[in-house]
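Remember, it's 1-based here, ligands and their atoms both numbered in the order they're listed.
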Amino acid sequence: MKSELIARYPIIERISREEELFWANPQKTSFSLAQTELGYADIIDASERLKRFEPLIRYFYPEVKNGVIESELTLINGMRDRFFPQIKGNLYLKRDDSLPVAGSVKARGGIYEVLKHTEELALEHGILKGTDDDYLKLKDHRDFFSEYKVQVGSTGNLGMSIGLISAKIGYCAIVHMSSDAKKWKKDYLRQHGVTVKEYDSDYTEAVGNGREESSRDPRSYFVDDENSRNLFLGYAVSALRLKNQLRIDANNKTSFYLPCGVGGAPGGICFGLKQIFKDDVNVYFAEPTKCCSMLLGQITGLHHDISVKDIGLSGITEADGLACPSPSGFVGREIENLLDGIYTCSDNELYRYEKELFDAEGIFIEPSSCAAFKGLELVRDDGNSHVIWATGGILVPENERERFLRKYIND
Ligand SMILES: *Cc1c(COP(=O)(O)O)cnc(C)c1O
């Protein structure tokens, strides 16, 4: 398969050598011509659903201001000046590393999907009389929800997000963790009443097992990271809220750099950004050189039917949140005409950026998040502002942080 792919798409030879590179998407169109299954109204629907749940979120998590799970946009021109002098405009960090509850971008999609499922169950069983009912009452129905299961397959962070909110509502929560998942994430989940099933295999297999186990139980709901429209829309809502954080228009074109695993989080955010800001935003995905599955899916158009292993890559990377050997087919098709490009970043560079960000700004983010910075060197676009989308970090334990920060010097 590898040699046939290379014959057809020569760039795959460089990808198979684990070269860092930038690929500009030839299928990208202007926003008005882009073909997508979902639209602007779907983002508004998701945003209004989240609003209905604000009182419940505020009750569960008093630290979450107004019950809105959102993050700040931080100017990091100190890092720009020291390490990316070629960048002309402002450099920002979108702080999903510190999203409350789950400590990563997954708090957007994961929590949204569990709340949507909860709303459906509650309406069906008369717990909620309608969507204008008081959603706070859901806190008093743990016994009801404990009869239902919520399951998910994950490299770590999606499991954290789905597991924590599900257990909070009262569900029996089961997370199927791939071998990439860090031990501290499994421990954290177990401490919060979530059942963790561990696999020796990769993400694609953990998801497959979870999906199969859930399908045998009519009271079980499976959050399907590879196909879920709900997760996707939960992520997309972030773009609507960004309107209040940054002025983006034809005079302030803005470029976004998003770390990509299976594609759900960056795909949903890309979709949202394009729906809201149209051609005034450029969106790029970052992937590890050893696991650039969305890149292969887009180049070949094979989407979910290709794996990085088909071209001899291991798929094993320190960017644990991005270790998905095959991309989502749904997301791959949905963003085909929207995405501006994809670039790849080697593992050692992750540690360099991690250290530079820490030295310049005193901010720590997960290695997976750091892949985004490579875009500032490889993409070279003309955006007036640049936003690095940090995707995880706040819950990483102190000893892990120190291990990561030491790594660049030692290697
Ligand atoms: C999940 C994750 C991503 C990417 O999201 P996908 O939906 O898998 O593409 C990026 N960074 C971190 C830290 C993550 O946990």
May I have the N/O to N/O pairs between ligand 1 and the protein that fall below 3.5 Å, each with atom names and distance to one decimal?
| from | atom 1 | to | atom 2 | distance (Å) |
| --- | --- | --- | --- | --- |
| ligand 1 | 7 (O) | G264 | N | 3.1 |
| ligand 1 | 7 (O) | A265 | N | 2.8 |
| ligand 1 | 8 (O) | V262 | N | 3.0 |
| ligand 1 | 9 (O) | G261 | N | 2.7 |
| ligand 1 | 9 (O) | V262 | N | 3.2 |
| ligand 1 | 9 (O) | G263 | N | 2.7 |
| ligand 1 | 11 (N) | T391 | OG1 | 2.7 |
| ligand 1 | 15 (O) | K106 | NZ | 2.6 |
| ligand 1 | 15 (O) | N157 | ND2 | 2.7 |

Establish, for the pair R229 and F330, whether the NZ or CZ atom is under 6.0 angstrom from the six-membered ring centre and no further than 45 degrees off its axis.
yes

Would you kindly say whether S179 and D200 are connected by a side-chain donor-acceptor distance under 3.5 Å?
no

Results of side chain to side chain donor-acceptor pair (under 3.5 Å) for E212 - residues two or more places apart only
R216

Quick one: side chain to side chain donor-acceptor pair (under 3.5 Å) partners of D81, sequence neighbours excluded?
none

Suppose we screen for side chain to side chain donor-acceptor pair (under 3.5 Å). Which residues come up paired with S326, at least two apart in sequence or across chains?
none

How about Y148 and Y221: are their ring centres within less than 6.0 Å of each other?
no

